[in-house]
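To start, the structure itself, in structure tokens.
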Amino acid sequence: MIFIAGVQFLAAASKVSSFKTTGIIMTDTSLDRANFIIFPPVIPYSTLAIACVLQWLVPLGLVANIDQGLRTGLGALIVIVGMATMFAGHRALLRHGTNVNPLRPTTALVTDGVFRRTRNPLYVGVSVALCGIALIFALDWMLVLIVPACVILHFAVVRREESYLERKFGEAYRRYKERVPRYLLD
């Protein structure tokens with residue numbers, strides 16, 4: 001499910017949007033994209049893959065002790081919340097005519113919709129969805145690896161994207177940073 005969403009995300013992100021831009025327009029066109037260390041989708045997908053391999057090789061068995069019906073129901077709800085957050089962020093970016101694909105330049109600062117609650121709804125959403133997947137499939141290792149994955153995402157991607165956006169949008173981005181948390185809690 002996450003894989004399919006990722007493929008759809010990349011396919012949609014590669015298309016040129018014809019939507020009218022209604023956000024704050026960029027002022028600096030010399031920068032083409034954030035200078036992230038790792039391509040952002042690689043982090044959650046590799047975390048999921050590593051968690052599955054570790055679960056197969058060295059199962060911890062902690063999550064499996066939770067009632068399967070409860071685990072599956074709660075996990076599905078968490079996945080839905082995570083996916084909804086990601087899709088809301090994706091839709092907001094497209095609505096403002098900016099690129100979703102991090103390899104392309106950001107052309108508008110989006111501050112409405114889900115971006116009023118978090119500056120990184122795509123990353124928050126995928127992290128939440130991975131926790132739900134961990135519950136559904138009793139992947140103890142996912143719950144262990146999500147913490148270092150989020151730390152890597154924070155330093156290798158998010159901080160660098162913030163630097164890029166601050167250079168690109170200046171004071172408008174600094175004001176946005178002051179009023180909206182980076183994740184859900186800041």
Are side-chain heavy atoms of [X] and [Y] found at a separation under 4.5 Å?
X      : Y      : value
Leu122 : Val100 : yes
Val157 : Ile37  : no
Val128 : Thr85  : no
Tyr173 : Glu162 : yes
Pro105 : Lys168 : yes
Arg179 : Arg116 : no
Leu153 : Val158 : yes

Using the rule that two of Ile, Leu, Val, Met, Phe, Trp, Tyr join whenever any of their side-chain heavy atoms come within less than 4.5 Å, decide whether [X] and [Y] are in one cluster.
X      : Y      : result
Val147 : Val126 : yes
Ile38  : Tyr123 : yes
Leu135 : Val144 : no
Leu145 : Ile133 : no
Tyr45  : Ile50  : no

Check whether any side-chain N or O of [X] sits under 3.5 Å from a backbone N or O of [Y] as a donor-acceptor pair, and report yes or no.
X      : Y      : result
Arg160 : Ala34  : no
Thr72  : Gly69  : no
Thr118 : Asn120 : yes
Trp141 : Leu48  : no
Tyr176 : Phe115 : yes
Asn101 : Leu103 : yes

Ignoring hydrogens, what is the shortest heavy-atom contact between [X] and [Y]? Give both atom names and the distance.
X      : Y      : result
Ile43  : Ala149 : CG2-O, 3.6 Å
Ala108 : Thr98  : N-OG1, 3.4 Å
Glu161 : Pro102 : OE2-CB, 4.4 Å

What's the spacing between [X] [atom1] and [Y] [atom2] if we round to 0.5 Å?
X      : Y      : atom1 : atom2 : result
Asp112 : Arg117 : CG    : CZ    : 11.5 Å
Arg182 : His154 : CZ    : NE2   : 4.5 Å
Leu143 : Leu130 : CG    : CG    : 10.0 Å
Leu93  : Asn99  : CG    : CG    : 9.0 Å
Arg119 : Tyr183 : CZ    : OH    : 8.5 Å
Cys52  : Leu57  : SG    : CG    : 11.0 Å

Heavy atoms of other groups near Gln68 CD, more than 12 under 6.0 Å: no

salt_bridge(Glu178, Arg175) N-O dist < 4.0 Å: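 No, no charged N to carboxylate O under 4.0 Å.
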
Partner of Leu94 by side-chain contact (heavy atoms from CB on, under 4.5 Å), out of His96, His90, Arg91: His90

Identified side-chain contact (heavy atoms from CB on, under 4.5 Å) partner of Val63 from the options Ile136, Asp140, Leu139: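 Exactly one candidate clears the test, Asp140.
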
Worked check of salt bridge (charged side-chain N to carboxylate O under 4.0 Å, His left out) between Glu166 and Arg174: CA-CA 7 Å; Glu166 193 163 332; Arg174 283 188 286 279; 3.3 Å; yes

Pair Arg33-Thr106, side chain to side chain contact (heavy atoms under 4.5 Å, CB included): steps then yes or no: CA-CA 7 Å; Arg33 67 175 177 86; Thr106 299; over 6 Å; no

